[in-house]
Structure formats: structure tokens, C-alpha cells
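Below is one structure; the comments refer to it alone.
Naming convention: chains lettered A, B, ... in sequence-line order (proteins, then strands); numbering from 1 in each chain.
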Amino acid sequence: MDIFISVMPRFDDTNPEAEKKEYIDHIQEIVHWLGWEPYKVTYTSDYFQALYEHAVELLRKGLAYVDHQTAEQIRKDRETNTDSPWRDRPIEESLQLCEDMRRGLIAEGAATLRMKQDMQNDTRNMYDLIAYRIKFTPHPHAGDKWCIYPSYDYAHCMVDSLENITHSLCTLEFDVRRPSYYWVLVALGLYQPYVWEYSRLNISHNIMSKRKLNRLVTEKWVDGWDDPRLLTLAGLRRRGVSAAAINSFIRGMGITRSVNSLIPVDRLEYHIREELNKTASRAMVVLHPLKVPFSRTVYIEKTDFRLEDSKDYYGLAPGKSALLSYAFPIKCTEVIHGDNPDEIVEIRAEYDPSKTSKPKGVLHWVAEPAPGVEPLKVEIRLFEKLFLSENPAGLEDKEPEGTAWLRDLNPHSKEVVKGAYAVPSLATAVVGDKFQFERLGYFAVDTDSTPEELVFNRTVTLRDSYGKGPR
RNA sequence: GGUUUCGUAGUGUAGUGGUUAGCACUCCAGACUUUGAAUCUGGCGACCUGGGUUCGAAUCCCUGCGAGACCUCCA
């Protein structure tokens, strides 16, 4: 038996000051990129008229009133369970004032519409919550038709009901809002959906909170919402993570109310590797080239050579052989130092015919395309974990500004390698192309690439078992 | 302080009165290997604590301990 579910995401655009068209457009585009097509996308602002009519009905039932207290006065009264002095004003008076609010005849801050819930309730979330506030701000979606706007607590439940959904899904912090959610629906005799809360996805060594992300971006700690170090969908996409990997990652997790879950980033990396292993073309790139003049000059990785050999080391050393991948074995015969004896500018090597089977060290390499012609030069961007500790959001905060997590940022989370060499086949790579650079990891073409120079982001490293020694 | 939510292998979870407590990642071992990658085979590892109900409890009830959330004219 198959179960079919339709999902209707809604933009809760009740605050015109906080809504931005570019965010809305981006969210819709990135959800589409992820491969999900909602059954319908709606806006709370589509229901502004109905919401207002229901507010009038609440007033007629004597279940709402226009209040003139300041936010501070309201807060104080809530602390002492005290009714507003305007709570029991005549219905006709509140009706008239509500209409005046709607027509823009009352100044911002001079009145609110509050629901007559229960100032003596067990939970503060029932203390005559505000249903409407005055804001002389046009709405990005609804235009300038309104100067009063509904609150989350008034609008959310009602639009759920008006849309006739079965289940309303939201994150855990809304759990304590349930009493108010159902109070509104019961008061108006409207259909009541189920409400299910679930905990937010947290991934180690990073942050997922919108508030913190916003801060990282606006304060320029990162390079924007699509910085490849971020776990935003835009960031992951730019980094080279595919939608399939993300969906696979999400699919493997439970949806619970567990409050402290923290998924190790390893797990995301596992899914990214799994996907790219299947889909990425293989190519060879040398990040830090070491010159090996030969019949044709080749470049190997600096780290694939060292002066001292040892049993568990498979690369080149003086007098030692290794295999050039897809080519032939070579033996290092001479080391050429620079002015500084610690600096090695090139090594001399020769074909080694004795190395015929079971090579231990297989090295990637890039050759000059023609004698004396430099190989294709590319820029490589390497990323490490954005934060040093596992759960930066959970760091003890003793500062008023709450900056402990910012101080946990990894100063080495991004490294730019300028002088890498790539095989000629990569010259035609375009944004969207992904590769495994053999022995190095998975890489994707970045949007910063130009006709003169390609830029590759490292999406994820290969698994590294070097420290475990030879098998 | 009030209200409220959560607690199953290292990590994330499945389980809703009767299982050898399942899955995945991590970890360990072996095999294979022209990527110390990939692949294949095997393994280690858990029901926060105490009490109660019951023939029988991870599952129901209570106490304790621990960890969160909410308390904005933000959502």
C-alpha cells in the first residue's frame, strides 16, 4: 500500500518589514533544485481579508478587544496576571476602533487588537495575545491595501484551518503555542488540524540557526549565503553537493522531538562521497607541483616525495620507485635543491623496468602538454570545518552579545591554492561539472571561474586511511 | 520563577506489553585493489536511575537525575 502526501509550504508573511522578495524567490528556486515540487505554495497574506473578517467576528462574539496599552504595559500586566483596563469595553466601541485601525486613522503603537483568552491561565501563551498590530508599511505581496497586520498567533492556526490541511508541521519551539492555536479555532468554530512539532536538524562543526546564519553573512564572517563552507542549500550547491546526496542524507534520519540531536558532519560527507563516487568523472590535478624532468616533464605532488624513505611510505624517495598512474614506474635518481637546502625545486627520475607488479605507490601526475609549455593552471579552494568545536551553538556564553560561537570560527576553514596544474581535458569544464581528482577528493567548478582561469571547490575529501598504515 | 518537551549502541534513530531490541553512520578486523579511494566479508557496541502495575515492560504509572524550549505589537 502506498501513501501519498501533499505538502503545502506557506510563507508566513505577516510582518511586512521582514519580508523580502528575493528570499521568497530563492527559497522556491532552491526547493525546485532539490527536486521537490510542493502541491501548492501559499502566502498568509493571501488570506488577509478573511483573517480580518474573522477578527470582526471575534469582536462581535465579545472574544476580542482593542487595547491602548504600550508593549511595556502589556508585559507588566502579564507578569501580574492583570486584565487590561480596556478588556471589557463595549463590543461596539472595539468594533469601531478596529475599523479605524484598518482605515489608518490610528497611529502605529496606539492600539492593538487582543484576543480575550485567559489572563489567569497556566501558560503565559494564553494571556490575551495580540491578534493585530498597526504598521504603516506596504506589504511586498499584498501591496499597500493594509496598515494593520495579523500576528503569528492569530494567523497561523486560522490559515491552516482555512487551507483545510490535515497536519500543521513546525519546529519544536512552537509546542507551547498549541493552547492558543486551538483557542482561536474553537472560538470561531473552525476546523482543527493536527499540529506536529519536530526538532531542528543540527550538524556538527556548523550552525543551522537562521539568526546565526544571518549574522555570519551580514557581518561578513563568510562570503555570502552561498559560501561553500555554510550548510545552506545554496552553500552546499555551490560547493558541489548534489541534490541527490542531500536527499539521501535527509532520508536516512529520523524525525523526532529529540532536543539535543547533533548529526556528525561525517554522515553528510558519507552521502556526498557515495553520490559523487557514482557520478563524478575522474581526472588528475596536482595541487602543489614538484617538477620531474623526463622525456616529457611531469609534475607530481610535493607530498609524494620526501628525502627519507620508510616502510609505511609509498611515495618517491631518493633511489625509490613508484608508479605514475596509468603510465609507467619511475625511480628517483637525484634531488635538485634550491638556494635554501630545505627547498626542493625538482627531482630527477628515470624509467624503472624492474617494477612490474603489485605496485604499492601509485602517484597522480600532470605532464606538460608540449615541451616547455606550462600545463593548464587552475585555482583550487579547499575547505575545512567552519567551526573548531563540535557544537558551536552550544558553547557556554558569558558575553552579553553572545559571541562565544563566533570566536569558535576556524581561521583555516578556507585555503586557496593558486598554482595547481590540471590535465588538459579539464580545460572545457563548466560550472556544474564535478570531478574526482584522483587521490585528492571530489571537486566542482565554482561560479567564480573565468575564461582565463577555472576555479574548483573541494566538495569533500576522499576517505583517508593513511594513518592506519599499510594493509 | 511559571508552563512545557525530551532521555534506546560513540552518533542519529526503529520499536508503542511478548524480538536473538532492528537500521544507518562511526569504529575494529580480513579480502581485493594501478586511487592508502571504491568494493566485498565479518565483528564490537544500547534501552538514564529507582520503585510500581503485569504471567511478562524499552514500551504503561510514579519518584529521582540530566538536557532543552517558550514567556516580543518576530515567526
Pairs under 3.5 angstrom only: tabulate donor-acceptor contacts from the side chains of residues 321-331 of chain A to other protein residues two or more places apart or in another chain.
residue, atom, partner, partner atom, Å
A:Ser321, OG, A:Asp352, OD2, 2.2
A:Tyr326, OH, A:Glu438, OE1, 3.2
A:Tyr326, OH, A:Glu438, OE2, 2.7

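- Scored by the side chain to side chain contact (heavy atoms under 4.5 Å, CB included) test, A:Thr44 finds A:Arg10, A:Asp12, A:Asp13, A:Thr14, A:Phe48, A:Leu51, A:Ala155, A:Val159 as partners (sequence neighbours excluded).
- Residue A:Tyr326 is classed as a base contact, given a heavy-atom separation below 4.0 Å to a base.
- A salt bridge between A:Glu415 and A:Arg381 is absent, with no side-chain N of the basic residue lying under 4.0 Å from a carboxylate O of the acidic one.
- By the 6.0 Å and 45° rule, A:Arg458 does not stack over the aromatic ring of A:Tyr442.
- Shown for residues 253-261 of chain A: residues whose heavy atoms fall under 4.0 angstrom of RNA chain B, namely A:Met253, A:Gly254, A:Thr256, A:Arg257, A:Ser258, A:Val259, A:Asn260, A:Ser261.
- The C1' atoms of B:rC28 and B:rU53 are separated by 43 Å, rounded to the nearest whole Å.
- When heavy atoms are screened at a 4.0 angstrom cut-off, A:Ala18 is found touching no nucleic acid atom at all.
- The 12-atom threshold is exceeded at CD of A:Glu22, counting heavy atoms of other residues, nucleotides or ligands nearer than 6.0 Å.
- The residue A:Thr70 sits close to a base: some heavy atom pair falls under 4.0 Å.
- Sorted by first and then second residue, the ring pair (Phe, Tyr, Trp, His ring centres under 6.0 Å) pairs with a member in residues 100-129 of chain A form an empty list; sequence neighbours excluded.
- No side-chain donor from either of A:Arg78 and A:Thr82 sits under 3.5 Å from a side-chain acceptor of the other.
- For the segment residues 135-152 of chain A, residues with any heavy atom less than 4.0 angstrom from an atom of RNA chain B are, sorted by number, A:Lys135, A:Tyr152.
- Residue A:Arg282 places a side-chain atom within donor-acceptor reach of the base of B:rU35, judged by atom type and a 3.5 Å distance cut-off alone.
- Note: CG (A:Leu268) to P (B:rU11) measures 19 Å, nearest angstrom.
- Residues satisfying the side-chain hydrogen bond (donor to acceptor under 3.5 Å, both in side chains) test with A:Ser168, not counting sequence neighbours, are A:Asp160.
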Enumerate all atom pairs, one protein N or O and one N or O from nucleotides 42-49 of chain B, separated by less than 3.5 Å.
none

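- The pair A:Asp128-A:Lys116 does not count as a salt bridge, with every side-chain nitrogen at least 4.0 angstrom from each carboxylate oxygen.
- Of the residues in residues 172-187 of chain A, those lying under 4.0 Å from RNA chain B by heavy-atom distance are A:Glu173, A:Phe174, A:Asp175, A:Val176, A:Arg177.
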Practice item. Test salt bridge (Lys or Arg N to Asp or Glu O under 4.0 Å) on A:Lys278 and A:Glu274 and set out the steps. Key: CA-CA 7 Å; A:Lys278 287 186 286 191; A:Glu274 186 184 44; 5.5 Å; no
**Study point:** A:Phe435 vs A:Phe443, ring pair (Phe, Tyr, Trp, His ring centres under 6.0 Å): CA-CA, chis, key distance, verdict
**Key:** CA-CA 5 Å; A:Phe435 302 90; A:Phe443 294 78; 9.4 Å; no
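- At a threshold of 4.0 angstrom between heavy atoms, the contacts of A:Ile263 are confined to the sugar-phosphate backbone, with no base atom among them.
- Listed by chain and residue number, A:Ile30, A:Leu34, A:Ile246 satisfy the side chain to side chain contact (heavy atoms under 4.5 Å, CB included) test with A:Leu233 (two or more places apart in sequence, or in another chain).
- In this pair, A:Trp405 and A:Phe387 present their aromatic rings tilted. The plane angle is within the 30 to 60° band.
- When heavy atoms are screened at a 4.0 angstrom cut-off, A:Leu262 is found touching the sugar-phosphate backbone but no base atom.
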Exercise for review: Using the ring pair (Phe, Tyr, Trp, His ring centres under 6.0 Å) rule, take A:Phe174 and A:Tyr181 through it: C-alpha gap first, then chi angles, then the decisive distance, then the call.
Suggested key: CA-CA 10 Å; A:Phe174 293 99; A:Tyr181 183 101; over 10 Å; no
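- RNA chain B lies under 4.0 Å from at least one heavy atom of each of the following residues of residues 96-116 of chain A: A:Gly109, A:Thr112.
- Among the atoms of the strands shown, base atoms are found under 4.0 Å from some heavy atom of A:Gln69.
- Take A:Val7 and apply the side chain to side chain contact (heavy atoms under 4.5 Å, CB included) test, not counting sequence neighbours, and it matches A:Ile5, A:Pro9.
- Residue contacts for A:Gln436: at a heavy-atom cut-off of 4.0 Å it reaches a base atom on one of the strands shown.
- Stretches of at least 3 consecutive Watson-Crick or G-U wobble pairs, with each checked distance under 3.5 Å, appear in RNA chain B as B:1-7 with B:65-71, B:10-13 with B:22-25, B:27-31 with B:39-43, B:50-52 with B:60-62.
- In this structure, A:Arg211 places its CZ atom 11 Å from P of B:rA69, rounding to the nearest Å.
- Using a 4.0 Å heavy-atom criterion, one finds that A:Phe328 contacts no nucleic acid atom at all.
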